[in-house]
Amino acid sequence: MSGDTAVRRGWIQEWDPEDRAFWERTGRRTANRNLVFSVLSEHIGFSIWSLWSVMVLFMGPKYGIDPAGKFFLVAMPTLVGAFVRIPYTVAVARFGGRNWTVVSAAAPAAARTGRRVRDGVRPPTLIPPPS
């Protein structure tokens with residue numbers, strides 16, 4: 001099988017949502033699967049964004065962040081998001097919507113995990129350590 005004719009598993013080869021037979025056969029299942037992944041990823045992203053803003057605003061004096069620093073910490077995710085919209089759109093067309101959504105949603109988690117490993121910080125547990 002040559003590289004040109006090989007079908008990549010999971011990629012949409014046919015899409016005709018106006019055709020009732022196609023929609024009942026495979027279209028509805030594919031659309032629902034992609035919708036679930038997209039909604040879940042966007043929900044996680046917006047939840048983190050919202051929580052970050054609230055968390056920064058409630059940082060007390062012990063963190064040593066003045067109001068200008070808080071503004072910077074709240075504004076930076078919005079600024080970065082505005083600048084990556086164009087490459088993000090191109091990436092969706094290049095890698096596929098579902099694939100890029102999963103990768104872009106997993107990237108912050110991977111970065112956070114890498115930092116925890118680098119710093120030697122154990123993940124939080126629900127059971128307190130023995131005294």
Side-chain angles (χ1 to χ4, degrees):
M1 198 179 248
S2 73
D4 294 337
T5 60
V7 175
R8 293 179 73 171
R9 186 178 177 277
W11 284 69
I12 298 172
Q13 297 300 316
E14 170 191 14
W15 187 251
D16 186 14
E18 301 298 325
D19 179 16
R20 278 189 191 262
F22 167 78
W23 184 253
E24 294 299 327
R25 188 175 65 248
T26 58
R28 180 189 312 266
R29 182 174 173 269
T30 301
N32 286 335
R33 181 188 62 211
N34 290 346
L35 181 63
V36 166
F37 280 116
S38 178
V39 167
L40 180 63
S41 295
E42 296 298 328
H43 174 70
I44 291 169
F46 281 116
S47 295
I48 291 170
W49 187 37
S50 299
L51 288 172
W52 175 252
S53 298
V54 172
M55 188 178 74
V56 167
L57 292 175
F58 282 103
M59 286 182 173
K62 69 178 181 177
Y63 291 99
I65 301 172
D66 62 347
K70 288 182 180 183
F71 176 77
F72 177 79
L73 287 173
V74 171
M76 190 51 59
T78 304
L79 183 64
V80 170
F83 279 114
V84 298
R85 284 200 188 276
I86 293 173
Y88 189 93
T89 303
V90 172
V92 170
R94 171 73 175 96
F95 301 112
R98 180 183 55 200
N99 294 335
W100 183 248
T101 299
V102 170
V103 167
S104 66
R112 181 65 183 141
T113 301
R115 180 160 178 159
R116 282 182 172 269
V117 169
R118 184 196 73 192
D119 294 343
V121 177
R122 292 181 21 217
T125 61
L126 297 176
I127 302 170
S131 302

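The analysis underlying the following values was restricted to heavy atoms, covering all of them including side chains, and did not include hydrogens, waters or symmetry mates. Residues: numbered from 1 along the sequence shown.
Around the CZ atom of Arg29, the shell of radius 6.0 Å holds no more than 12 heavy atoms that belong to other residues, nucleotides or ligands. Annotation: Trp49, atom CH2; neighbour count of heavy atoms from other residues, nucleotides and ligands within 6.0 Å does not exceed 12. For Leu79, the CG atom is densely surrounded, since the number of other residues' heavy atoms within 6.0 Å is greater than 12.
Distance check, rounded to the nearest 0.5 Å: CH2 of Trp52 to OG1 of Thr78 gives 12.0 Å. Once rounded to the nearest 0.5 Å, the distance linking CD1 of Ile48 with CD1 of Ile44 reads 7.0 Å. Rounded to the nearest 0.5 angstrom, Thr30 OG1 and Trp23 CH2 are separated by 8.5 Å. Taking CG from Leu73 and CZ from Phe71, the interatomic distance works out to 11.0 Å, rounded to the nearest 0.5 Å.
Both Met76 and Phe83 are part of a single hydrophobic cluster, where members link through side-chain heavy atoms under 4.5 Å apart. Criterion: ILVMFWY side-chain heavy atoms under 4.5 Å apart, direct or through other members. Under it, Phe72 and Val80 are part of a common hydrophobic cluster. Placement of Phe58 and Ile65 in two distinct hydrophobic clusters is found when ILVMFWY residues are connected by side-chain heavy-atom separations under 4.5 Å, directly or transitively.
The two atoms that bring Lys70 and Met59 nearest to each other are NZ-O, 2.8 Å, heavy atoms only.
When hydrophobic side chains of Ile, Leu, Val, Met, Phe, Trp and Tyr are connected at separations under 4.5 Å, Val90 ends up as a singleton with no cluster partners.
Residues passing the salt bridge (Lys or Arg N to Asp or Glu O under 4.0 Å) test with Arg28, sequence neighbours excluded: Glu24.
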